[in-house]
Amino acid sequence: MSTETAPGTEGSGTGTDGKETLRSDLKPIWCPGCGDYAVTAGLEQALTELGFESHEVVFVSGIGCSSRLPYFFRTYGFHTIHGRATAVAVGVKMANPDLHVIVVGGDGDFFSIGTNHFVHAARRNINLTVVCMDNHIYGLTKGQLSPTSHREFVTASSPYGSVEAPISPLTMALASGATFVAQSYSGKIKHMRETLIAAQRHDGFSFVNIRSPCVTFNKVDTFKAYKTRIAITEEDAKATLADACHYLMSRPDEEVPLGTFYQVQKPTYDGGWRDLSERTTEKHGIPTLEEILEGFA
């Protein structure tokens with residue numbers, strides 16, 4: 001595993017409103033029309049509105065087209081290995097709870113080899129923002145079946161059509177214990193920006209699934225196809241798990257609902273660990289890190 005700081009830290013991006021952004025000088029090289037360009041723009045706008053400084057943010061990614069994203073921001077970043085982004089992000093957050101840790105990846109990264117890490121980070125309610133760029137296919141390795149690919153979907157690894165039922169990232173997140181669950185779409189950048197801002201402000205495990213079309217290898221889930229299937233919910237986020245699950249599972253199969261479907265406040269693992277550490281230190285008279293360092297002054 002390598003650790004990376006996004007290239008271009010010597011430069012500074014400027015948004016259309018003149019505000020300084022956290023974008024680096026490095027330009028993305030995704031296929032023209034890829035939905036991940038819009039996700040990058042949505043994250044840039046969200047972080048600009050939130051007013052975060054470069055040293056306050058860490059992007060962590062795995063492997064895949066979407067996992068190039070840390071290079072495009074003037075923040076700390078880890079470009080890890082396939083499926084391990086969430087695990088590394090947990091380590092970062094536990095080491096420095098004051099950092100804003102954003103995990104980015106694709107449907108294959110989070111819901112294939114990385115499923116175990118995703119589930120346990122969600123059930124512990126660790127204060128992370130997890131952004132999945134869901135394109136229903138493995139794009140970087142030239143178009144194989146992914147965990148979210150539709151049944152009968154024809155790909156390089158399923159030339160006669162898939163016989164698998166796809167994973168639902170939203171219901172997976174709900175079942176795993178995520179306390180903020182939402183979905184957006186690359187073609188709705190205003191909605192995406194607002195959703196990402198809300199996710200980042202939430203104290204707990206926030207999951208945002210973004211439908212991000214692959215224009216090269218997925219000729220089914222296209223921008224044109226999504227245009228007739230997108231449905232933005234005007235309802236407030238559900239406060240109970242049962243209501244959120246019922247709402248999502250009652251949607252028509254052809255509908256792609258956008259919105260925040262579940263949000264609830266619960267104790268976070270990192271917050272509980274910090275409290276436990278302080279109580280243990282006080283009980284046993286263990287010097288704090290600051291006190292130890294003062295001894296070397």
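This is a predicted model, so every value here is computed, not measured.
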With a 4.5 Å cut-off on side-chain heavy-atom distances among I, L, V, M, F, W and Y, is there a chain of contacts connecting I113 to I63?
no

Verify same cluster id: F73, F52 (apolar side-chain graph, 4.5 Å)
yes

How about T268 and I126: do any of their side-chain heavy atoms sit closer than 4.5 Å?
no

From the list N209, N135, D107, side chain to side chain donor-acceptor pair (under 3.5 Å) with T148 holds only for D107

For R23, is there an ion pair with E44 - N to carboxylate O distance below 4.0 angstrom?
yes

Give the C-alpha distance, both sets of side-chain angles, the deciding distance and a yes or no for side chain to side chain donor-acceptor pair (under 3.5 Å) between T141 and Q144.
CA-CA 7 Å; T141 50; Q144 293 83 13; 2.7 Å; yes

A quick test of your reading: do over 12 heavy atoms of other residues, nucleotides or ligands sit less than 6.0 Å from CG of D98?
yes

So for atom CD, which belongs to E152, do other residues, nucleotides or ligands contribute more than 12 heavy atoms lying within a distance under 6.0 Å?
no

With no hydrogens and no angle check, is any side-chain donor or acceptor of T155 less than 3.5 Å from a backbone partner on S158?
yes

Answer yes or no: is there a side-chain heavy-atom contact under 4.5 Å between Q200 and I102?
yes

Less than 4.5 Å apart, side chain to side chain, heavy atoms only: is that true for D134 and S212?
no

Look at atom NZ of K142 and say whether more than 12 heavy atoms of other residues, nucleotides or ligands are closer to it than 6.0 Å.
no

On a heavy-atom basis, the closest approach of L140 and C65 is N-SG, 3.4 Å

Donor-acceptor check, side chain of D270 to backbone of P97, threshold 3.5 angstrom: yes or no?
no

So, D109 side chain and G83 main chain: donor-acceptor pair closer than 3.5 Å or not?
yes

Does L196 belong to the same Ile/Leu/Val/Met/Phe/Trp/Tyr cluster as Y37, with side-chain heavy atoms less than 4.5 Å apart forming each link?
yes

Let me confirm one number: the CG-NE2 distance from D243 to H246, rounded to the nearest 0.5 Å.
8.5 Å

Atom pair CD1/OG of I167 and S112 - distance to nearest 0.5 Å:
7.5 Å

Nearest 0.5 angstrom please: T115 OG1 to M172 CE, how far?
5.5 Å

Do you know which two heavy atoms are closest between V208 and A199, and how far apart they sit?
CG2-CB, 3.6 Å

Assess the residue pair L43 and L69 against the criterion (side-chain contact (heavy atoms from CB on, under 4.5 Å)); give the C-alpha distance rounded to whole Å, side-chain angles, the decisive distance to 0.1 Å, and a yes or no.
CA-CA 10 Å; L43 281 164; L69 193 138; 3.9 Å; yes

Give, for atom CG of L248 and atom CD of E255, the distance between the pair rounded to the nearest 0.5 Å.
10.0 Å

Answer yes or no: is there a donor N or O on one side and an acceptor on the other, between the side chain of S176 and the main chain of V119, under 3.5 Å?
no

Could you please spell out the steps behind the side-chain contact (heavy atoms from CB on, under 4.5 Å) verdict for Y262 and L170?
CA-CA 10 Å; Y262 182 62; L170 297 173; over 6 Å; no

Walk me through whether F118 and F207 qualify under ring pair (Phe, Tyr, Trp, His ring centres under 6.0 Å).
CA-CA 10 Å; F118 179 92; F207 176 64; 5.2 Å; yes

Hey, what's the ring geometry for W273 with Y269, parallel, tilted or perpendicular (30° and 60° as the breaks)?
parallel

Counting only N and O atoms by type, is there a donor-acceptor contact under 3.5 Å from the side chain of R74 to the main-chain atoms of T21?
yes

CG of D236 to OG1 of T260: how many Å apart, nearest 0.5 Å?
10.0 Å

Pair S206, L128 - check side-chain contact (heavy atoms from CB on, under 4.5 Å), show working.
CA-CA 6 Å; S206 301; L128 305 172; over 6 Å; no

Would L22 and V57 count as a side-chain contact (heavy atoms from CB on, under 4.5 Å) if you check the C-alpha gap in whole Å, the side-chain angles of each, and the deciding distance to 0.1 Å?
CA-CA 9 Å; L22 296 184; V57 180; 4.2 Å; yes

Heavy-atom distance under 4.5 Å between the side chains of I137 and L145, does that happen here?
no

Check: N218 main-chain N/O paired with H136 side-chain donor or acceptor under 3.5 Å
no

Scanning both residues in full, the closest heavy-atom pair of F205 with A121 reads CD1-O, 3.5 Å

Can you tell me how far the CZ atom of F111 sits from the OG atom of S168, to the nearest 0.5 Å?
8.5 Å

Is there a path of hydrophobic side-chain contacts, each under 4.5 Å between heavy atoms of I/L/V/M/F/W/Y residues, joining F223 to F217?
no

Would you say NZ of K238 has more than 12 non-hydrogen atoms from neighbouring residues, nucleotides or ligands within 6.0 angstrom?
yes

Validation row: W30, R68 side chains within 4.5 angstrom (heavy atoms)
yes

Can a donor-acceptor pair be found, under 3.5 Å and without considering hydrogens, that links the side chain of D221 to the backbone of P213?
no

For I189 and A41, which heavy atoms make the closest approach, and how far apart are they?
CD1-CB, 3.6 Å

Side chains of T233 and L258: does their closest heavy-atom pair fall under 4.5 Å?
no

Non-hydrogen atoms of R229 and E254 that approach each other most closely:
NE-O, 2.7 Å

Are side-chain N/O atoms of H55 and Y76 paired as donor and acceptor at under 3.5 Å?
no

Mind running ring pair (Phe, Tyr, Trp, His ring centres under 6.0 Å) on H191 and Y185 for me, showing each step along the way?
CA-CA 8 Å; H191 182 274; Y185 166 54; 9.5 Å; no

Have T179 and H202 got a donor and an acceptor in their side chains that come within less than 3.5 Å?
yes

Find out whether C132 and P169 are in side-chain contact, i.e. whether some heavy atom of one side chain is under 4.5 Å from a heavy atom of the other.
no

Is any side-chain heavy atom of I210 less than 4.5 Å from a side-chain heavy atom of V131?
yes

I29 atom CD1, over 12 foreign heavy atoms within 6.0 Å:
no

Closest approach of F261 to A244 (non-hydrogen atoms, all atoms of both residues):
O-CB, 3.6 Å

Do V104 and Y138 belong together in a cluster built from hydrophobic side chains that touch within less than 4.5 Å?
no

Whether the side chain of R151 engages the backbone of V163 through a donor-acceptor N/O pair (distance < 3.5 Å, no angle test) should be reported.
yes

Please answer whether the main-chain N or O of N125 pairs with a side-chain N or O of K266 as donor and acceptor at a distance below 3.5 Å.
no

